[in-house]
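Treat the numbers as computed from the prediction; the structure is a model and nothing was measured.
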Amino acid sequence: MNTGGKAGLLWWLLTTPAFAQSASLGLLEVRLATPLTSYDSARQTEFRSVAIAPFRDGERIWIPAGTAVFGTVRHSTRVGIGIAHERASLDLDFTRYELPDGRSFPITATLVEIENAREAVTSSGQIKGILAAANPQSLLGGIWHRPRMSLFQHSIIGLTGLSGRIWSGYSMGPLGAGVLFTVRCLLFQMPEPEIQLPSGTEMRVRVTHIPADAPSFELEQQANLSDDLAEWLRAQPFVVTTKAGKDTADMINVAFLGSREQLKAAFEASGWFEASPRTARSVSQMYTAYSRQAGYGVAPTSRLSYQGADADLIFEKSFNTITKRHHVRIWRVEQNGSELWLGAATRDIGIAFRVSEMKFTHKIDSQIDVERSKIVNDIAFAGCADPAGYVDRPHAARPESNMNYTETDGRLAVIPLRASAGLREPDKARKPKPPLPMLLQIARRIVLEGRQYMLRENPYYWAYRAVAWRRQDSRDRQLVAHD
């Protein structure tokens, strides 16, 4: 290559935004202002979101909280009535960000996660919808063992559920099967297979490049805590236990300075809700949400204790699944006559079955410092707190290999509450329109459950899944070993 060609290539590399490296890889938290769906958001549909936490690189902030982040829909796949597709998908392309002062800059970023969503996000950033027919009720019809002509009749009449088993066992005829199917539709609703992201949906995107000439800003100063308060907080126990006194993975990692009214107002303004008490009704609603793969924003939590007492307040934040949620248990304490609140914040990321206790329980994210930051950022974004301070507690640090399966630097975030300045939401919450009228929803259910029964509810498919799970587990172990 001649000298002129090399100079031209160098100039292109330095001036093209995709190669203008000015920030390291990092995660940016945004909140949708534009509703998006797999069935109503066509290709090139523009959307807007807002940064709800500052994106920083070292000691500088590149994208402050409140910055608008824009993008377009790259591709969308709708389920419809389930003939062509049984799983929805949505690809988003983040293209630029606009600072609060109006300056706009291009951005290269990939979607990593939809906060507390039932949908999965692939490594390329594609949102994959759920297989709606793969729910607990679909297995009640039994699993077919070998290909035969009768399986088509069983699938069509029984619709993969308990109604098919009753129809075949008691020869109720087509009319009886129709009645049973109607009852089953009323009692067990199918999860919505389409992707629906209303305004307010929170997401994480991985920023890879921003322009070299993009401005940066100084970090916000942390609160200066008095020596007496810092020492008192450092001396407080941080262990949270079960009612039987057994240590848990939860620990005291946030503190709030303010009244009960300020505390409740701050979480309400931040989009968090008080958890419901555990009753027969709330447990029933939890099961309904689990079977429908739906959300339950005020689901009860398990009872944990701090110094022998139950939590005074419990707040949580979720989206469209009961298996994932942010939550914090809070206890009231006093220090020299002043009212303080100590909280244990963790994030549920899945459901596990505990054999020793014969019950289902939530699994929590091992990186509990991330949940601590989530609370600090959410309350700050809502304008309900002054800058937070931190108390170092080396004795509370937990290495990655500890028996509680959590990792933390042990610091305590101290949040001084103040009267709410109002939400910094860019738009009022808007929900997407329904995807299908009732009759077409019934037709879609018949199609999707028939496909599910014939394609997956058989030993051949489960043998394939067992091999796939084994391979994935092997890959995960290799990744852990290399990390």
Sub-4.5 Å side-chain heavy-atom contact between [X] and [Y]:
X: R372; Y: Y390; result: yes
X: P215; Y: L99; result: yes
X: R118; Y: P191; result: yes
X: I52; Y: V30; result: no
X: V298; Y: E274; result: no
X: M203; Y: E115; result: no
X: F94; Y: F47; result: yes
X: L340; Y: L257; result: yes

Lys/Arg N to Asp/Glu carboxylate O, [X] vs [Y], below 4.0 Å:
X: D348; Y: R325; result: yes
X: D57; Y: R60; result: no
X: E371; Y: R347; result: no
X: E202; Y: K317; result: yes
X: R393; Y: D409; result: no
X: R332; Y: E334; result: yes

How many angstroms lie between [atom1] in [X] and [atom2] in [Y], if you round to the nearest 0.5 Å?
X: L197; Y: I114; atom1: CG; atom2: CD1; answer: 5.0 Å
X: Q285; Y: I322; atom1: CD; atom2: CD1; answer: 9.5 Å
X: S302; Y: D250; atom1: OG; atom2: CG; answer: 7.5 Å
X: S104; Y: E98; atom1: OG; atom2: CD; answer: 5.5 Å
X: E29; Y: S373; atom1: CD; atom2: OG; answer: 8.5 Å
X: L342; Y: L233; atom1: CG; atom2: CG; answer: 6.5 Å

Ring centres under 6.0 Å, that's the criterion: do Y306 and W331 meet it? yes
Which pair of heavy atoms, one from [X] and one from [Y], lies closest together, and at what distance?
X: W341; Y: L313; value: CZ3-CD1, 4.2 Å
X: Q196; Y: F319; value: O-CZ, 3.7 Å
X: L28; Y: I63; value: CD2-CD1, 4.0 Å
X: F256; Y: L263; value: CG-CD1, 3.6 Å
X: I368; Y: A249; value: CD1-O, 4.5 Å
X: T34; Y: S199; value: N-CB, 4.4 Å

The salt bridge (charged side-chain N to carboxylate O under 4.0 Å, His left out) partners of D310 (sequence neighbours excluded) come to K243, R303
Given the rule in the side-chain contact (heavy atoms from CB on, under 4.5 Å) test, do V73 and L90 qualify, once you have shown the distances and angles that lead to the verdict? CA-CA 7 Å; V73 175; L90 194 62; 4.0 Å; yes
Count the heavy atoms of every other residue, nucleotide or ligand shown that sit under 6.0 Å from [atom1] of [X], and state whether that count exceeds 12.
X: E59; atom1: CD; result: no
X: R103; atom1: CZ; result: yes
X: F105; atom1: CZ; result: yes

Judged by atom type as modelled, is there a donor-acceptor pair below 3.5 Å linking the side chain of [X] to the main-chain atoms of [Y]?
X: T248; Y: V240; value: yes
X: S282; Y: S276; value: no
X: K324; Y: A117; value: yes
X: S284; Y: A280; value: no
X: N253; Y: A345; value: yes
X: H327; Y: T301; value: no

No-hydrogen, no-angle side-chain donor-acceptor test under 3.5 Å, [X] and [Y]:
X: S318; Y: N116; result: no
X: R398; Y: T408; result: no
X: R329; Y: S305; result: no

D386: side chain to side chain donor-acceptor pair (under 3.5 Å) partners, not counting sequence neighbours: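 Only R418 meet the side chain to side chain donor-acceptor pair (under 3.5 Å) criterion with D386.
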Take R206 and T110 through the side-chain hydrogen bond (donor to acceptor under 3.5 Å, both in side chains) test and state the conclusion after the steps. CA-CA 5 Å; R206 184 174 300 281; T110 303; over 6 Å; no
In a table with atom names and distances, give each donor-acceptor pair under 3.5 Å that connects a side chain of residues 219-230 to protein atoms at least two apart or in another chain.
| from | atom 1 | to | atom 2 | distance (Å) |
| --- | --- | --- | --- | --- |
| S226 | OG | L229 | N | 3.2 |

Could you please spell out the steps behind the ring-ring contact (aromatic ring centres under 6.0 Å, His included) verdict for H326 and F315? CA-CA 8 Å; H326 302 288; F315 297 100; over 10 Å; no
Anything under 30° is parallel, anything over 60° is perpendicular, the rest tilted; go ahead and classify F267 against W272. perpendicular
Could you go through E46 and R48, starting from their C-alpha distance and side-chain angles, then the distance that decides it, and tell me whether this counts as salt bridge (charged side-chain N to carboxylate O under 4.0 Å, His left out)? CA-CA 7 Å; E46 295 185 352; R48 181 162 65 100; over 6 Å; no
Is there a side-chain contact (heavy atoms from CB on, under 4.5 Å) between R43 and H75 once you walk through the steps? CA-CA 5 Å; R43 185 174 179 270; H75 179 74; 5.6 Å; no
State which residue, out of E119, E194, H85, fulfils the side chain to side chain donor-acceptor pair (under 3.5 Å) condition with S38.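 So the option named by the test is E194.
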Yes or no on side-chain contact (heavy atoms from CB on, under 4.5 Å) for V328 and I375, after CA distance, side-chain angles and deciding distance? CA-CA 9 Å; V328 57; I375 290 178; 3.7 Å; yes
Do L304 and T241 pass the side-chain contact (heavy atoms from CB on, under 4.5 Å) test, and can you show the C-alpha distance, the side-chain angles, and the key distance before you say yes or no? CA-CA 6 Å; L304 299 182; T241 65; over 6 Å; no
